[in-house]
Every structure is written in structure tokens, then in C-alpha cells.
Amino acid sequence: MADSSLDHSIARAVARQLHPLLGALAQPPGESPLSVGEIAELLAPPPNRDLGDLAFPCFKLARAFRKGPPLIAKAIAEALEPRLAAGEAPPVAAATPTGPYLNLRLDLGQAAALLLPGAARGELLEPGKRPAEGDEAKPRVMIEYSQPNTHKAFHVGHMRNLCLGDALVRLLRADGSEVIAANYFGDVGAHIAKCLWWYLDRLDDAGRQPPGDHRGEWLGKIYTRAHNQLAQWEEEAKAGDDGAAYWLAEAKARTTEILLKLEHRDPELTAIWEQTRQWSLDEFAEIYRWCGVSFDHLFYESEVDGEGLRMVEEYLERGLFVVSEGAVGIFNEEIKHMPFFLLRKGDGTSLYSTKDLALARLKFEKFAIDRSIYVVDVRQSDHFRHVFRTLEKMGFPQASACEHVGYEMVELPEGPMSGRKGTVILFRALRERMTDHVRSAYLERFRGEWSDEAIDETAASVALGAIKYGMLARDINQKIVFDMDAWLDLEGNTGPYLQYVHARASSILRKCAEVGKELDPAVLLGGEATSAATAALGEDQERELILLLDTLWPTVHNAAQTLRPSSLCTYLYNLAKAFNRFNQACPVKPSEGALLQGRLLLVSAVIRGLAQGLDLLGIPAPDRM
RNA sequence: GCGUCCGUGGCUCAGUUGGAUAGAGCAUCGGGCUUCGAACCCGAGGGUCGCAGGUUCGAGUCCUGCCGGGCGCACCA
């Protein structure tokens, strides 16, 4: 159990006041039908702040109390009354039954004194200092995400996966899991053969000379050219063009040859594969660095390819897998609309699915994970249902701990993006346009005042914030229509709005410090100095901010449990908005004495809460911008 | 056809897992910088939550059926 002295939660403090009353009022009296944690979860702000600060809905108590919710609300209010009159139910100051709700008015100073010192010390999300931290062993979970193909370009669609996966890694760690962040590169397959065919056969020595940087992107363009040419020939051949049919057949024979040579580790071709593959990997690494994303383990399709085929062979012999039309697969009749799952092609080569079996076993056995999360776009839902079902039938108990987080696609206004068709916006284009825009529209005015490096660094942080927030703020089952101009508009509900609040709040502390107004360290200790400071807080905007800060941890916990970073985005946006209202109405620097200390404490708490929340989304929080 | 997701102000989306009078951003109109930073704040207009039933004290939320749209349906990854 957590040490209650480290429990900063206002809602839990209120719940502790209600808890014994619920036991006493139950019919017959006895144990409270709801735990402190359950009561705290039910407490929510009423629709109208005139009604109170927190409302306790009594519906769930109807059975245990053997009466209707309105009577229950009334009964709890009456039982609480003597203690309220004596001032013995902090932080509750008043309780008013309103229909089925018990509306609670808090002593804001007492409530703030509970929450703010810990919040300002940055402890709201610290393991062991959070409410309801249990003793159970940390689950070991692997999150696999990003998974780009080498020899192809990295575009804005890939960015949604990266942002989502990274945020989940951070959220689950904050929520108490031991997380292994994993990537899985697609470094084998037909796309490689197409790319190398063009690279080797269609380019001269000069054309094969890669540029100094962004070689992965350059390679991706070669792949696109190869793909487009093949698609064109295919179309022309269908229309009866014999020349095109000839060239298509030639090219197909060549890509098959390349594929086979690679499979048999032909020395010359393998060397070229390794070099070109590295160009892509280098480019990805540079992107990950810019995005502040890091992985604990890197998987490659090339390392599970052969093992997957061996597993298919083994389970074919055991009779679990069957031959169908020359290919090998399994019947998962539970998946009624498409029961057959193909695991090996008719020509004996492997598929995406083949490798997924070997990859899963590698994860289970080498990493001893309790839970396995796959972040892959929603089109793969059926694929993963089959993979997990197949693993279960193969006898892997961990199959039940596998989850697919399927997110919707990023599209362009004119329709779906297609890497193959080349109708994509490369991530680098977005990054550069965003960074330039941030610099020229907002940061140029600091030129001379700040160093050039500071301006560049801040521009990158804000650009990253805009991109990541844009990718994360939407629920995963909503598609994102990517419109460059709309993304460059950084006002309203955007990443920079949140970052701006952090910067302005930080600026308030700096400006106050310049005139000798600093937070008294004693105010952070939770004693009398704290009470004196928080007792001075009472404006509506302060009240709103404090109550909102109290829900940071429950929001993070919920976002982690449901694997939905978007809910944290919404919360942080509301927190930032509440701060802006406070900032408009409650000047800090002109304040004096206890009010100054109270507001400095509140501002410090917001800074920490915002910075920590943004960090869980992988978004930097600059001190100035 | 089967499966799956989506449908909420003009546009883009939230909606605390079934709770009180459905909220934001953008856009439009109006107001606020001589005071800690205007990437901001305040106000106004704009909604039968796709349609029809059902479940119950109570439905944007759950169930059924329609309508409209996206995506997936074996030798690509």
C-alpha cells in the first residue's frame, strides 16, 4: 500500500471522508459498498460550478442502501453535517444533496495544500508516490511499432505510428509496466528486389552514386520509380502492348533472380543489399533522433525469415497446418468471414505472416514478456487476429496476451496516400516546412536576443510538438486528413498551444525572480507555510486549475490502460486553457505575501504537470518560445 | 456478399466507459495589449448527436434493423 502521506489526491481525500459514512449507512450497516478508490473515481465536477466543486453520484449505492439515490444523497449529507460543522471533514467544506447527487464544496485552501506541494515537486506521476500504487510485480510488456520498410521513403503516414507507439511506451512506463520498445524493419521482400533491379540495371555508374545525405530517401525514390514502371508496363501489357509485355517479363524474371540470389546469400548481391539497407537504416535513425524516439531492441525481417519457414514445416508435419492449392496455411474457423490464413506461398517462400510467427516466438522466448503490443494500422486487424489465434493453437500461452493497436490511416485531401503510387508527403518535407514556419513566424523576433542555436533548437522543439500533437490528439479510430496548410496553423488546439502555456508560466517565474519574488521553499513542504499560501487562493480560475490538476494522474492511468494517448491530449489542452484563463485574471508578479506564494506554488505545479504530461506524449516543453 | 470502423453546429473533432442544461478548435461577427509574453483572453450566432425501434429511473454512449461513407477479404508487406 502507498504511504498515505504521499497521496496528493484531493479526490481521494474527499473519498476518505465519505467512505466510513457509506459503511454506516448501508442496510444492514457494515463494510462500505464502495472502496476509497472507487469513490474517488466516481467524484466528478458538476455541470455547473455553482453547484459545487465535486459531485458524488449515488446511483451505484441504491441496492446496498435499499433506497433511491436522492434519499441516499440526503442521508449522506445529514451524516456528514456534524463533522462539517466542526470542521472535521477536510477538505470538504459543505455538502448539498441535489436530486441523486451529493454536491460537495471544498475548502480550496485545504485541497490545494494537499495537492500542490507534491505537484510542484513533480511527484504526481512518480511511481510509489501516486495514489493506489500496488505491490504487484511489474508486468513486462513489449511494444512493437514504427516497422518501416527499408528501401522505401518515410512519409507522414509513418509518423502516426511512430508518435503513437512512442507515447504508449512512455504511458505504460509511467503506469508501472516494464516496457521494451521494439522496432521491426522490413528489410526483405519484393520491394527490395524491385528497388535493386532499378538500381543495378537501370542506372549507370553516375546514377548509382548516392547523395551526401538522405540516402534512404533517395533510395525510396528509386523504389517508387521501379514500381511505377512495372505498374505502367503491366497496364500496357494488359492493353495488348507486346513490347511492354516483353519488358515486364524481363523485369519480373530479374526481380525473382535478385530475390533468390539474396535468399541464397549471393556474396555480390548481399553486399549491395547490406549497403543500401544501411542507407535506409541510417536515415530512419536520424529521423528517430530528431523525434526523440529510442528503441530498446531492433528486429529485422531478415532474421526471422528462415525460422518462420522452419516453423511452418514443423507444424505442417504435426498436422496443425495444411496444404491448400499448393500453399500452406491454417484454418481458423473462429474467424468466420475469412477462415483460411496463408502461411507459405506455393513456391515455398515466406510471407509477412510466416515471419510474424517466428518473431512472436522470439519475443516470447528471448524476452520473456508478459504482454505483447503491436502498433500497426487498422487494415491489419484480421491479419493479427489470425496470427494470435494461430499462435494459441501452436501452444503458446502468451498468445492471449497479444494485442493489436490498430490505428486509422493518414490520408491526403485528395485521397489515400500511396507509397507505391508516390502520392505521399515525405516526413522530411513536413519537418522542414514546420520548422521554417515556426522560426520565421514566431521566433525571428528573438534574433539577436537569443543565440542562433537557441532559436534553431526551439524551432525544432515547437515543430516536433505541432507534429506529434497533431498525430496523437485524434482518437486512433479516426482517420487523419493531412493538409499541410492546416497543420501549419499553430493557433487553437495544437501542440504549440500547450508548449506556449509552459513557456509563459516559466516566464512568470523568471520575471518574478527578477524582482526578488520567489517561491519560499517552506511552501513546498506541506506544513503551515503551505497552508498559509494556499488559503489565499480563491478565484474561480484558481479553483478550476487546482481541480483539473487533481485529475492528471487518473487521466494518465486511464490513457495507459485503454492505450489511448488522445485522452491525455484532451486533458492537457483543457489544463492549458484553464491556465490561460488564470493568467488573464490572476496577476502573479504584482501580488504580495501569502497570495504571491500561493500563486507561485500554483504556477509551479502547472509547469510540472504540463511538462510531465507533454513528456508522456513525447513532446518537449521549452522554457521559452 | 462477409467482416470491421466512422456518421455530433458551415468545416475538423471531444464527450470522464449509462448520469444533471451535448462541449472545444477553425471559420464568421463584436470586444480586450502603457500592467508577469496577444502562439492569448472574453462575448455572440450556429445542434431534433445519420434514420427507426428497443433496453431503464436516465441513451450521443448499450442492443436490433436500416441509410451513407472508409478499410479488409489467400500466394504483397
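Per chain, numbering begins at 1; letters A, B, ... match sequence-line order.
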Parallel, tilted or perpendicular: rings of Y352(A) and F384(A) (30°, 60°): perpendicular

Inter-nucleotide C1' distance (G68(B), C62(B)), Å rounded: 23 Å

Sugar-phosphate, base or nothing in reach of T562(A), heavy atoms under 4.0 Å: base

Under 3.5 Å: donor-acceptor pair, side chain of R624(A), backbone of S507(A): no

Closest to the L51(A) side chain, choosing from G3(B), A20(B), C26(B): A20(B)

Polar pair under 3.5 Å, donor/acceptor by atom type, side chain S324(A), base A74(B): yes

Who pairs with U16(B) - Watson-Crick or G-U, where each distance is under 3.5 Å: none

From A74(B), C36(B), U12(B), nucleotide with atom closest to I508(A) side chain: C36(B)

Residues which pass side chain to side chain donor-acceptor pair (under 3.5 Å) with Q584(A), listed by chain and number, not counting sequence neighbours: none

Sub-6.0 Å ring centroid separation between F579(A) and F582(A): yes

Sugar-phosphate, base or nothing in reach of K479(A), heavy atoms under 4.0 Å: sugar-phosphate

Rounded interatomic separation in angstrom, taking CG from D382(A) and P from C2(B): 15 Å

Sugar-phosphate, base or nothing in reach of M625(A), heavy atoms under 4.0 Å: base

Under 3.5 Å, N/O pairs linking protein and nucleotides 42-48 of chain B:
{"unit_1": "C42(B)", "atom_1": "OP1", "unit_2": "R581(A)", "atom_2": "NH1", "d": "3.3"}

Euclidean distance, atom CD of residue Q380(A) to atom C1' of C73(B) [Å, nearest integer]: 12 Å

G60(B) pairs with, by Watson-Crick or G-U criteria that keep both distances under 3.5 Å: none

Rounded distance (Å) that lies between atom C1' of A39(B) and atom CG of L443(A): 10 Å

pi-stack flag for F341(A) and A74(B), centroid dist under 5.5 Å, interplanar under 30°: no

Closest to the K345(A) side chain, choosing from C2(B), A77(B), C75(B): C75(B)

Side chain to side chain donor-acceptor pair (under 3.5 Å) involving T276(A) - partner list, sequence neighbours excluded: H151(A)

Check: K355(A) side chain, S350(A) main-chain N or O, donor-acceptor pair, under 3.5 Å: no

Y573(A) OH to G23(B) C1', straight-line distance once rounded to whole Å: 11 Å

Watson-Crick/G-U partner (both atom distances under 3.5 Å) of C26(B): G10(B)

Touch class at under 4.0 angstrom, heavy-atom based, for K511(A) against every strand present: sugar-phosphate

Centroid-centroid distance, Y374(A) to F388(A), less than 6.0 Å: yes

hbond_proxy N580(A) side chain to A39(B) base (donor-acceptor, 3.5 Å cutoff): no

Phosphate OP1/OP2 of C41(B): any Y497(A) side-chain N/O under 4.0 Å: yes

Donor-acceptor contact present, side-chain Y571(A) to main-chain L548(A), <3.5 Å: yes

F59(A) CZ - A59(B) C1' separation (whole Å): 13 Å

Which nucleotide in C36(B), G37(B), A39(B) has an atom nearest any side-chain atom of C512(A): C36(B)

Options C2(B), A39(B), A77(B), nucleotide nearest the side-chain atoms of Y500(A): A39(B)

Phosphate contact (C71(B) OP1 or OP2) by R379(A) side-chain N/O below 4.0 Å: no

Assigned partner base of G72(B), Watson-Crick or wobble definition, under 3.5 Å: C2(B)

base_contact_polar (A39(B) base, Q499(A) side chain, donor-acceptor, <3.5 Å): no

Residues which pass side-chain contact (heavy atoms from CB on, under 4.5 Å) with A167(A), listed by chain and number, not counting sequence neighbours: L472(A), P565(A)

Base partner of C33(B), which must satisfy Watson-Crick or wobble distances under 3.5 Å: none

P47(A) side-chain proximity, nearest of A20(B), C36(B), U16(B): A20(B)

Sequence-aligned protein contact record of nucleotides 5-11 of chain B, with B where the base is within under 4.0 Å of a protein heavy atom and S where only the sugar-phosphate is: SSS----

Sugar-phosphate only, base, or nothing, as touched by G346(A) at under 4.0 Å among non-hydrogen atoms: base

Closest to side chain of R504(A), choosing from C40(B), G3(B), U17(B): C40(B)

Contacts of E333(A) that satisfy side-chain contact (heavy atoms from CB on, under 4.5 Å) - sequence neighbours left out: F331(A), K393(A)

Distance flag, aromatic centroids of H155(A) and H158(A), threshold under 6.0 Å: yes

